[in-house]
Amino acid sequence: MTRLGRLSITLFAAVALCAGLALAYAAGPGAAAPAGSGERVVVVQSGQTLSGLAQAYLPERGIVNAISAIQVANGLSSDRLLAGQRLVIPAR
């Protein structure tokens with residue numbers, strides 16, 4: 001793949017991620033989880049981690065699968081969380 005091709009793919013992915021985050025932020029905390037979907041929205045508190053949230057809300061999935069599910073549901077590319085951040089916890 002050429003340098004231009006790699007750049008195009010990277011830019012497309014970045015724009016898609018930014019658009020998704022902007023939509024999720026604009027929708028507000030209640031809109032992120034449709035009624036009856038089983039999903040919930042949590043606000044990250046200072047000191048909370050993805051592994052802690054995964055263990056608290058999705059213990060039956062196993063820690064690795066639960067962390068991955070939370071990352072996918074929120075479009076996260078790392079395990080870094082910020083206090084006040086809203087996260088969708090997928091249905092069990």
Side-chain angles (χ1 to χ4, degrees):
M1 181 176 274
T2 67
R3 181 176 173 198
L4 182 59
R6 288 190 304 270
L7 178 61
S8 297
I9 290 172
T10 302
L11 287 175
F12 178 77
V15 168
L17 178 62
C18 289
L21 291 174
L23 288 173
Y25 181 76
S37 71
E39 294 180 339
R40 69 179 83 191
V41 176
V42 297
V43 178
V44 176
Q45 302 301 311
S46 180
Q48 282 187 313
T49 62
L50 270 179
S51 59
L53 291 171
Q55 188 175 16
Y57 292 103
L58 302 169
E60 69 285 349
R61 288 195 184 193
I63 194 74
V64 173
N65 289 334
I67 289 172
S68 293
I70 295 170
Q71 286 178 311
V72 168
N74 293 282
L76 301 176
S77 59
S78 75
D79 61 351
R80 185 170 179 191
L81 299 178
L82 301 172
Q85 182 177 3
R86 289 176 170 81
L87 292 178
V88 173
I89 306 297
R92 296 175 186 238

Student: Do Val44 and Leu82 come within less than 4.5 Å of each other through their side chains, counting heavy atoms only?
Tutor: no

Student: Heavy atoms, side chains only, cut-off 4.5 Å: are Asn65 and Leu58 in contact?
Tutor: no

Student: Between atom CG of Asn74 and atom CG of Leu87, what is the distance when rounded to the nearest 0.5 Å?
Tutor: 4.5 Å

Student: Report whether Ile9 and Leu4 are members of the same hydrophobic cluster (ILVMFWY, side-chain heavy atoms less than 4.5 Å apart, transitive linking).
Tutor: no

Student: Once rounded to the nearest 0.5 Å, what's the spacing between atom CE of Met1 and atom CG of Leu7?
Tutor: 11.0 Å

Student: I'd like to know whether CD of Gln48 has more than 12 heavy-atom contacts from other residues, nucleotides or ligands below 6.0 angstrom.
Tutor: yes

Student: So which heavy atom on Gln85 is nearest to which on Arg80, and how close?
Tutor: OE1-O, 4.3 Å

Student: To the nearest 0.5 Å, what is the distance between CG on Leu76 and CD1 on Ile70?
Tutor: 9.0 Å

Student: Please round to the nearest 0.5 Å and tell me the distance separating atom OG of Ser77 and atom CD of Gln71.
Tutor: 8.0 Å

Student: Do Val72 and Val41 sit in the same hydrophobic cluster, where Ile, Leu, Val, Met, Phe, Trp and Tyr count as joined when their side-chain heavy atoms come under 4.5 Å apart?
Tutor: no

Student: About how many Å separate OG1 of Thr49 and CG of Asp79, when rounded to the nearest 0.5 Å?
Tutor: 8.5 Å

Student: Between Arg61 and Ala91, which heavy-atom pair has the shortest distance, and what is it?
Tutor: NH2-O, 2.6 Å

